[in-house]
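This report refers to the structure that appears directly beneath it.
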2 protein chains.
Amino acid sequence: MKLTTKGRYAVTAMLDLALNNDKGPVTLADIADRQGISLSYLEQLFSRLRKKQLVTSVRGPGGGYSLAGEPSEVHIAEVITAVDEKVDAMRCGGKSNCHNNERCLTHDLWRDLSNRIYDYLSDVTLQDLVERKGVPEMAANSDDPKVKLGNVRSTASDPLAVLNQ
Amino acid sequence: MKLTTKGRYAVTAMLDLALNNDKGPVTLADIADRQGISLSYLEQLFSRLRKKQLVTSVRGPGGGYSLAGEPSEVHIAEVITAVDEKVDAMRCGGKSNCHNNERCLTHDLWRDLSNRIYDYLSDVTLQDLVERKGVPEMAANSDDPKVKLGNVRSTASDPLAVLNQ
DNA sequence: CACAATCCCGACTAATTTAGTCAAGTATTT
DNA sequence: AAATACTTGACTAAATTAGTCGGGATTGTG
């Protein structure tokens, strides 16, 4: 699973589907219009979403795509992994080929971060987004006050975007 | 700030520096050797690390790079933002140009996730990695048990890598 | 001084990925 | 039949990452 605009497009499109779920199938042309995503690109994304059975399709006039399940059961992490190719983890992927100590240390770091991100995205469903219940609390790792955040953040010249693009 | 192998290279190299901090300046050739990173690529990365004053350099024979500060004061987030170009946030970056509702909803999601990742990486220092104290606890958002993780994760066909590459 | 080690810098190339286009289908409703 | 809309695959363009190359500038050592 990667975090790119590709995944964000997919989530946006799925959210569009969730919001119009009651009105029958939604055409990609509509989504392209509303969300400003190229129709052909959406076709690529939905091809994968369909293969992963996150959406169902109906052909012909009046057809389109619908969510395969309830919005409350579609987790964001699923959507993102559906459109992103598998990546063989992190170079020294789980294997014991990180022979020297240093690489293993950073490896642990990335893996833990990766797990956290995945957990976070697994915890949010389309329904959450629809209800703008938003996202779980910012979690503020207050249980480990070894570093007080905020000062560090203020050195970053900008409201940061960890995610690509 | 982006999360790519580029940043991981930088963190790995900085960790190498931290581990050899007592033995005087470390040459890039040594790091390239130990960490399997191309020398010229390291030069590019260290050029940025130096400009952000995360490392100091000594020229000439016996020269090399040293950490500018204590390992306990170098936060991983700083290292990553140093080597990665600024990215203007997330397309509808903070501005009010997300006119339609859907896009704003996902926007909130990405921003919150982005903040979390940044907080996490700000909380870990080189010293933490050196001591393998590792990373703060997995945090398990147990305060919001709306979804029990694990089942979702098991559908993912692989130990996932959220991070690119 | 000469020389080698080392940082420093900019331009260039290659590989990968994202994003998007195009064209030709197939299925279904009216 | 005809229009609608999904389906598929190949192709292109732009951006980014990763890496190369060639030349400098500095400085310690013999």
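Worth knowing before you read on, the calculation uses all heavy atoms, side chains too, and leaves out hydrogens, waters and symmetry mates. Protein chains get the first letters and strands the later ones, always in sequence-line order, with residue 1 at the start of each.
No engagement by B:V55 is indicated, since no non-hydrogen atom pair under 4.0 Å with the nucleic acid exists. Among the atoms of the strands shown, only primed sugar atoms or phosphate atoms (P, OP1, OP2) are found under 4.0 Å from some heavy atom of A:Y65. Residue contacts shown for A:L39 are absent, as no nucleic acid heavy atom lies under 4.0 Å away.
The closest donor-acceptor contact from the side chain of A:D128 to the backbone of A:T125 lies under 3.5 Å.
The shortest distance between side-chain heavy atoms of A:Y65 and A:I31 does not fall below 4.5 Å.
A:E43 has its CD atom 14 Å from the C1' atom of D:dA10, to the nearest Å. Look at CG on B:D30: it is 11 Å from C1' on C:dT6, rounded to the nearest Å. Rounded to an integer number of Å, the gap from CZ of A:R48 to P of D:dC6 is 19 Å. Rounding to whole angstrom units, CD1 of residue B:I37 and P of D:dT20 are separated by 12 Å. Here D:dG9 presents its C1' atom at 10 Å from NZ of A:K51, a figure rounded to the nearest Å. Following rounding to the nearest Å, A:F46 (CZ) and D:dT8 (C1') show an atom-to-atom distance of 17 Å. The separation between B:Y9 atom OH and D:dT16 atom C1' is 14 Å, rounded to whole Å. Nucleotide C:dC7 holds its C1' atom 14 Å from the CG atom of B:L49, rounded to whole Å.
Taking both residues in full, the closest heavy atoms of A:K6 and A:V83 are given as CE-O, 3.6 Å, listed atom of the first, atom of the second, then distance. The minimum heavy-atom distance linking B:A10 with B:L45 is given by the pair N-CD1, 4.2 Å.
Checking B:D16, B:D30, B:T12 one by one against B:Q35, the side chain to side chain donor-acceptor pair (under 3.5 Å) holds for a single residue, B:D16.
Of the candidates D:dG19, C:dT6, C:dC9, C:dC9 carries the atom nearest the B:S47 side chain, counting heavy atoms from C-beta on. For B:P61, the listed nucleotide lying nearest its side chain is D:dT27; candidates were C:dC7, D:dT17, D:dT27. Out of D:dT7, D:dA5, D:dG24, the shortest distance to the side chain of A:R50 is found at D:dT7. Of all nucleotides listed (D:dA10, C:dC7, D:dT17), D:dA10 comes nearest to the side chain of A:Q44. For A:S40, taking side-chain heavy atoms from C-beta onward, the closest of the listed nucleotides D:dC6, D:dC21, C:dT21 is C:dT21. Distances were taken from every side-chain heavy atom of A:Y41 (C-beta onward) to each of D:dC6, C:dA11, C:dG20; the shortest belongs to C:dG20. When each of C:dG20, D:dG24, C:dT28 is scored by its nearest atom to the side-chain atoms of B:R59, the top-ranked nucleotide is D:dG24.
Along DNA chain C, the nucleotide closest to A:V58 and the one closest to A:S38 are compared, and the more 5′ of them pairs with A:S38.
For A:S57, no side-chain nitrogen or oxygen approaches OP1 or OP2 of D:dA5 to under 4.0 Å.
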